[in-house]
Amino acid sequence: ASTMNKMAERVARQIRDLEDDAEKRRQFLADVAHELRGPVATIRTMAGALADGVADEPDRKERAVGSLLRTSERLLQLVNDLVDLAKLDLKELPIHPRKVDLRELAAAVVESHAAAASQAGITLHGVQAAGAVTALVDPDRFSQVLDNLIDNAVCYAGSGAEVQVTVEAGEKARVTVADTGRGIPPAHLRRVFEPFYRVDAARTGSDGHSGLGLRISLGLVRAMGGELSLTSTEGSGTTAVVTLPRA
Ligand SMILES: Nc1ncnc2c1ncn2[C@@H]1O[C@H](COP(=O)(O)OP(=O)(O)O)[C@@H](O)[C@H]1O
Ligand SMILES: [Mg+2]
């Protein structure tokens, strides 16, 4: 009877897992539709205004065209992210690993965030590294990961915070993005790798952040044979650690 009970329990668990998967898929589809609707509605409104001649006045026309460009740019970014996510899940995203100097790559990505950091009142330090550290990664894809982690620190840490990127060599190569910002409460931290999950849900989409960054970054790092983890303490900061195969 006990084996029968165990089998029944296992079947019940499998059914629950399948239901959870189906529920996740439904939620994902609803989130995608919701995220796409905002920019598409804006584009239609702006195009309509231009077509009606409502925006004939040069000033208004310029604003409408600017908004059309920005919104379609955001829409394209969102669709590109969704394509990356789908390909990662299908293991069809092309990854071309080669020997890369992580210090050099990290320095370039840090540099590209300098202006945004100073505008946000963030002190973005230069890359810390004992020497050159090489790893076996796809340079474009790893830049994408680092870009997202640094963007997160710059956008969410809050004014006054410091951001330090460190590159280290050990058994694995290790890249750390640490900030001294507001941190992420534990209940949210558990969920930040879920697609579309944002701590401040009210800001969804409006600033080109759809909550796909960490999910895609995790997929990319794993596809390169590495790992990505996030630790955070509310009120004192967040640290992202990427480990990668040495070259
Ligand atoms: N360094 C950080 N400090 C505080 N919150 C963060 C940090 N990094 C990520 N987050 C939170 O995790 C959420 C998910 O991040 P991400 O997947 O990159 O999506 P996005 O940046 O598009 O919102 C962010 O919306 C933010 O609320
Ligand atoms: Mg992000």
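All ligand and atom numbering here is 1-based and tracks the order in the structure. Being a predicted model, the structure only gives us computed values, none of them experimental.
Distances between N or O atoms of Tyr156 and those of ligand 1 include at least one value under 3.5 Å. Residue Leu230 has no N or O atom closer than 3.5 Å to an N or O atom of ligand 1. Of the polar atoms of Asp179, at least one N or O is found under 3.5 Å from an N or O of ligand 1, judged by distance alone. Annotation: Arg198 places an N or O atom under 3.5 Å from an N or O atom of ligand 1; distance criterion only.
Going from atom CG of Leu85 over to atom CZ of Arg215 covers 6.0 Å, rounded to the nearest 0.5 Å. Here CG of Leu69 is found 9.5 Å from CD1 of Ile43. Values are rounded to the nearest 0.5 Å. Summarising the geometry, atom OH belonging to Tyr156 is positioned 12.0 Å from atom CG belonging to Asp179; distances are rounded to the nearest 0.5 Å. Annotation: the span from Asp81 atom CG to Ser210 atom OG amounts to 6.5 Å, rounded to 0.5 Å.
Given atom 11 (C) of ligand 1, the protein heavy atom at minimum distance is Val199 CG2, 3.9 Å. Atom 3 (N) of ligand 1 has as its closest protein heavy atom Thr238 OG1, 3.5 Å. For atom 8 (N) of ligand 1, the nearest protein heavy atom (residue, atom name, distance) is Asn152 CB, 3.3 Å.
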**Request:** For side-chain contact (heavy atoms from CB on, under 4.5 Å), just list the numbers for Leu149 and Leu228, CA-CA rounded to whole Å, side-chain angles, deciding distance to a tenth of an Å, and then say yes or no.
**Result:** CA-CA 10 Å; Leu149 298 177; Leu228 164 63; 4.2 Å; yes
**Request:** Check the pair Asp101, Leu105 against side-chain contact (heavy atoms from CB on, under 4.5 Å), reporting the backbone distance first and the verdict last.
**Result:** CA-CA 6 Å; Asp101 180 351; Leu105 183 151; over 6 Å; no
**Prompt:** Should Glu171 and Thr243 be marked as a side-chain contact (heavy atoms from CB on, under 4.5 Å) after you check the CA-CA gap, both sets of side-chain angles, and the distance that decides it?
**Reply:** CA-CA 10 Å; Glu171 194 190 325; Thr243 53; over 6 Å; no
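The ligand atoms of ligand 1 that sit less than 4.0 angstrom from a heavy atom of Gly211 are 17 (O), 19 (O), 20 (P), 22 (O), 23 (O). Against a heavy-atom cut-off of under 4.0 Å, Tyr197 is close to the following atoms of ligand 1: 13 (C), 14 (C). Atoms of ligand 1 found under 4.0 Å from any heavy atom of Ser210 (numbered from 1 in listed order, with element): 22 (O). Ligand-side atoms of ligand 1 in range of Ile184: 4 (C), 5 (N), 6 (C), 7 (C), 10 (N), range being under 4.0 angstrom from any heavy atom.
Other residues, nucleotides and ligands place more than 12 heavy atoms under 6.0 Å from the CD atom of Glu168. Taking a 6.0 Å sphere around CD of Gln119, one finds it holds 12 or fewer heavy atoms contributed by other residues, nucleotides or ligands. Other residues, nucleotides and ligands contribute at most 12 non-hydrogen atoms within 6.0 Å of the CD atom of Glu111.
Contacts between Leu214 and ligand 1 below 4.0 angstrom, taking non-hydrogen atoms only, involve backbone and side chain alike. Here Ala240 has no heavy atoms under 4.0 Å from ligand 1, in either its backbone or its side chain.
Under a 4.5 Å side-chain heavy-atom cut-off, the cluster of Ile, Leu, Val, Met, Phe, Trp and Tyr residues that includes Ile15 is completed by Val11.
Here the two rings, on Phe196 and His209, have centers that are 6.0 Å apart or farther.
Using modelled atom types and a 3.5 Å distance limit, the side chains of Ser232 and Thr238 yield a donor-acceptor pair.
One option in Val192, Asp151, Asn148 has a heavy atom closer to atom 12 (O) of ligand 1 than any other, and that option is Val192.
Within the protein, the number of N/O/S atoms found under 2.8 Å from the Mg ion (ligand 2) is 2.
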